[in-house]
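To find a chain, count down the sequence lines: A is the first, B the second, and so on, and within it residues start at 1. Just so you know, these numbers use all the heavy atoms, side chains as well, and skip hydrogens, waters and symmetry mates.
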Amino acid sequence: MDILSSLNPQQIEAVKTADGPLLILAGAGSGKTRVITVRIAYLITERKVQPYNILAVTFTNKAAGEMRSRVQTLLKDEKIDSFPLLSTFHSLCVRILRQDIEKLEEGYTRSFTIYDTDDSNKVVKACIKDLGLDEKQLAPRFVRSAISSAKNRGEDVDLFTSRVEQTDERRAAMAKVFKMYEERLNKANALDFDDLLIKTVKLLRKSKDVRDKYNDRFKYILVDEYQDTNALQFAMISFLTEKQQNICVVGDDAQSIYGFRQADIRNILEFEQHFPDAKVILLEQNYRSTQTILDAADSIISNNTKQKKKKLWTANPGGERLFYFQATDSDSEGRFVASRIEEHRRRDASERIAILYRTNAQSRVFEESLRRLRIDYNIVGGFSFYERAEIKDIIAYLKMALNPFDDIALLRVINTPPRSLGKTSLDELTSRARQRDVSVWEMLCAIADDKIDQPVNLTPRAKEAMRKFKAVVEKLHEKAAEAAGGEKPVSDVVIAAIEDTGYSLMLRVENSDEAEARLENLEELVNAAVDYDKAEENGLRDFIDHAALISDTDKYDGNAGVTMMTVHMAKGLEFPIVFLVGLEDGIFPHSRSLNDQSELEEERRLAYVAITRAEKLLYVTHSMRRRVYGEEIVAEPSQFLNEMPLELIDDLSRGPSWLSYARSSTAKDSKDTITALRGERVPEKAKAVYTGKTYNSADAIAEFFKNRETRADDVRTASGSHRIDPANNESRNREKPLSGFDKLKALASDPKVQVPKSTIDEFSAGSHVRHSKYGKGLVLRREGTGDNVKLTVSFPGFGQKKLIEKYANLEKA
DNA sequence: AAGTAAATTTTTTTT
DNA sequence: AAATTTACTT
């Protein structure tokens with residue numbers, strides 16, 4: 001059969017092992033998606049499995065869409081009367097619940113609403129407030145994430161509560177919030193993302209009918225990225241495979257990067273225990289990257305202790321060495337990346353390039369530098385279309401139209417556009433609703449219809465406004481009801497939500513550029529609805545579900561020349577050229593992971609994922625200083641840099657860099673290198689190692705001074721002659737090796753601070769100071785001006801201290 | 001009640 | 001530094 005001809009023996013075996021549990025351990029770039037899609041096609045064409053009986057589950061819509069189109073291509077010549085279901089876990093749950101949630105008998109109806117993280121936060125916040133707890137001590141975001149973690153571990157409120165009963169009152173308070181949160185969501189007929197999984201599992205557990213129904217339907221199940229599944233997803237799979245054991249999971253423990261979302265790596269490590277007859281197939285041949293890139297990835301991941309042994313190999317050529325660049329600050333990092341990209345694009349514009357970073361906040365600098373060079377780029381993540389306020393507003397109207405008990409949606413739009421319902425009236429309305437234990441909508445209706453016996457503390461004007469709002473919603477509800485089943489185009493209702501509610505009028509009256517942009521976004525929403533109608537999907541409800549579950553990854557344009565995204569989002573993708581930026585301790589690995597060994601290992605897997613995205617070229621960069629929260633901080637090179645084989649790296653930094661030290665030293669301890677780089681005193685043993693090596697090299701010194709003059713543009717090397725400051729030049733010969741590191745430190749600091757030392761009268765970030773009590777320390781941050789300058793100084797042995805410059809009586813060290 | 005000014009917080013990573 | 005929340009006017 002020709003679809004198998006492009007596969008290697010292991011892949012063919014993976015495709016042909018149709019029945020029984022199968023674990024495919026697929027290394028990065030080993031043709032995993034190809035195996036899954038060919039396997040689906042094989043089941044249909046060779047094993048004559050009905051497409052309808054096949055389910056493939058992924059984590060993102062993008063992955064599902066990608067598979068769908070590839071399967072479609074493979075099956076284009078086949079006569080088939082159904083199509084396999086390719087879905088994310090969450091969409092599958094919505095599908096099941098929209099059908100049968102009422103069988104749960106928990107009060108939920110099929111018109112339930114989905115709450116996104118934002119909505120959940122609001123509910124948690126309201127609960128904290130209504131329980132009389134202090135928001136300052138119990139941050140809503142923190143509580144929400146604790147609730148979410150518990151849910152994903154499979155803990156419900158009662159279990160959570162019983163577990164914390166004897167412990168501290170903070171956790172007891174969280175349990176109370178958890179309880180109220182669940183009640184509120186139930187009352188609002190709303191499910192959060194986690195509930196989608198929980199309720200599905202509960203439903204499958206409770207109802208044999210439902211279980212049978214889906215067991216009969218899904219005779220063959222495939223799960224992609226199995227290392228990212230959590231306890232709930234595992235439970236769900238267990239139920240779905242109860243009758244048959246045709247479960248094929250694909251994954252790579254080295255790419256498990258969703259532990260923070262309670263993904264449980266044991267699911268993949270213990271697959272053979274869960275499914276005793278399981279067969280295991282290893283895919284170790286990498287088709288994506290050069291040997292050099294694989295070596296770098298392997299070198300890093302081998303520092304992890306908890307890792308299944310697996311060695312990727314490739315028949316690809318060795319390829320180019322990695323490129324390394326050390327920037328003085330984040331701007332110069334941006335300029336370097338942009339200018340290299342410009343060069344690459346000039347040479348071959350067809351080669352796709354990715355800039356990968358640890359956090360979304362890092363994207364800005366690169367956006368600016370690319371824009372300056374007029375290079376088109378695509379940015380994935382950050383603010384998605386469906387997260388824009390105006391889109392969420394209209395979606396909220398639509399959600400209300402289908403489920404008026406959705407308090408969050410109601411409160412979002414009740415005064416948008418302004419309907420003279422301010423804080424006072426709304427507080428009265430909501431607190432009344434809470435008192436009576438009804439939804440806000442029900443209370444509003446009661447007030448509007450004067451069906452309330454007790455006097456209500458509302459002005460006639462407010463009551464009238466509520467009546468009007470009620471009418472608006474009811475009118476929209478009628479239209480929505482027609483579109484919910486599909487009799488009426490979804491786009492009509494979307495337009496009604498924009499026009500009949502006064503929303504577009506509000507924007508047009510504003511007559512500003514911003515309002516204009518918002519109107520355009522709303523037009524986009526209408527367009528999306530029109531497209532939706534054309535695709536003959538399942539009506540308004542489906543459209544809104546789609547909006548709730550669509551993610552940022554889904555708008556990734558595989559043809560874009562330059563793409564920027566987080567490493568997490570890049571998983572599963574590949575690019576000829578990859579820039580992995582911001583490799584600094586505290587950023588990558590992230591500071592929140594530095595204190596926990598298993599979290600650090602997850603960061604390392606993340607680095608592994610990042611590196612293995614590259615096909616031909618990999619750049620790694622870091623900056624010596626960086627703005628965090630609007631403050632300049634000194635940034636140290638990432639420990640992951642030191643875990644790479646240094647001999648595989650080419651240094652593109654201007655002048656001496658972390659790499660040149662790491663290389664010249666025989667010491668493998670990155671911390672010493674970093675300490676030296678910062679200009680601090682290295683512990684005795686390491687100090688000996690550094691003696692003279694680099695700084696007595698004339699080249700290095702020349703480089704250093706050359707670079708001192710090259711501050712406007714880091715990327716191009718300084719041209720023409722460069723003067724050497726006689727004073728400094730002279731001192732060079734007298735200097736002990738270590739003082740050279742001070743110079744390197746100076747190189748890394750802000751050019752503006754590079755004035756003759758005698759005139760420096762301030763202690764900037766990166767400089768060394770002596771304190772009468774704490775001794776020598778390194779200035780980490782400087783904030784404020786004049787007499788109000790505050791310094792954050794790190795004193796070895798004393799930790800970080802915040803000092804007022806005026807009173808601290810510091811001297812230079 | 002609504003708009004503006006001031007204060008406070010935010011950054012992991014995502015369905 | 002930017003965005004969000006709160007406090008303060010009108």
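- Judged by distance alone, with hydrogens and angles left aside, the side-chain atoms of A:Ser638 form no donor-acceptor pair with the main-chain N or O of A:Glu584 at under 3.5 Å.
- With rounding to whole Å, A:Lys129 atom NZ is found 13 Å from C:dT5 atom P.
- Within 6.0 Å of CG on A:Asp134 lie more than 12 heavy atoms contributed by other residues, nucleotides or ligands.
- Among the nucleotides C:dA3, C:dT6, B:dT15, the one closest to the side chain of A:Glu135 is C:dT6.
- Looking at heavy-atom distances under 4.0 Å, A:Thr424 makes contact with sugar-phosphate atoms alone, never a base.
- In this structure, the side chain of A:Ser238 engages the main chain of A:Phe234 through a donor-acceptor pair within 3.5 Å.
- Residues A:Glu390 and A:Asn521 bring a donor and an acceptor atom of their side chains to less than 3.5 Å of each other.
- For an aromatic pair to be called close, the ring centres must be under 6.0 Å apart, and A:Phe260 with A:His590 fails this.
- With rounding to whole Å, A:Asp118 atom CG is found 15 Å from B:dT15 atom P.
- Using a 4.0 Å heavy-atom distance criterion, A:Ser591 is classed as making no nucleic acid contact.
- In this structure, the CG atom of A:Asp116 is 11 Å from the C1' atom of B:dT15, given to the nearest Å.
- Straight-line distance from the CD atom of A:Glu367 to the P atom of C:dA1: 17 Å, rounded to whole Å.
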- Message: Within the 4.0 Å limit for protein heavy atoms, which parts of nucleotides 4-13 of chain B are touched? Write it as a string from 5' to 3', B for base, S for sugar-phosphate only, - for none.
- Response: -----SBBBB
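- Rounded to whole Å, atom P of B:dT15 lies 19 Å from atom CG of A:Leu97.
- Of the P atoms belonging to C:dT6 and B:dT11, the separation is 15 Å, rounded to the nearest Å.
- Nearest to the side chain of A:Arg627, among B:dA2, C:dA1, C:dA2, sits C:dA1.
- Atom NE2 of A:His90 is separated from atom C1' of B:dT14 by 9 Å (rounded to the nearest Å).
- Within the nucleic acid shown, A:Phe59 comes within 4.0 Å of sugar-phosphate atoms alone, with no base atom in reach, counting heavy atoms only.
- Atom-to-atom, CD1 of A:Ile633 to P of C:dA1 comes out at 14 Å; the value is rounded to the nearest Å.
- At the phosphate of B:dA2, OP1 or OP2 sits under 4.0 Å from a side-chain N or O atom of A:Asn415.
- A cation-pi arrangement is not found for A:Arg605 relative to A:Tyr608, the charged atom failing to lie both closer than 6.0 Å to the ring centre and inside a 45° cone about the ring normal.
- Going from atom CG of A:Asp427 over to atom P of B:dA1 covers 10 Å, rounded to whole Å.
- Aromatic rings of A:Tyr258 and A:His568 (six-membered ring for Trp) have centroids within the 6.0 Å cut-off, being under it.
- Residues A:Arg144 and A:Arg419 both approach DNA chain B. Their nearest nucleotides, taken by heavy-atom distance, put A:Arg419 toward the 5′ side.
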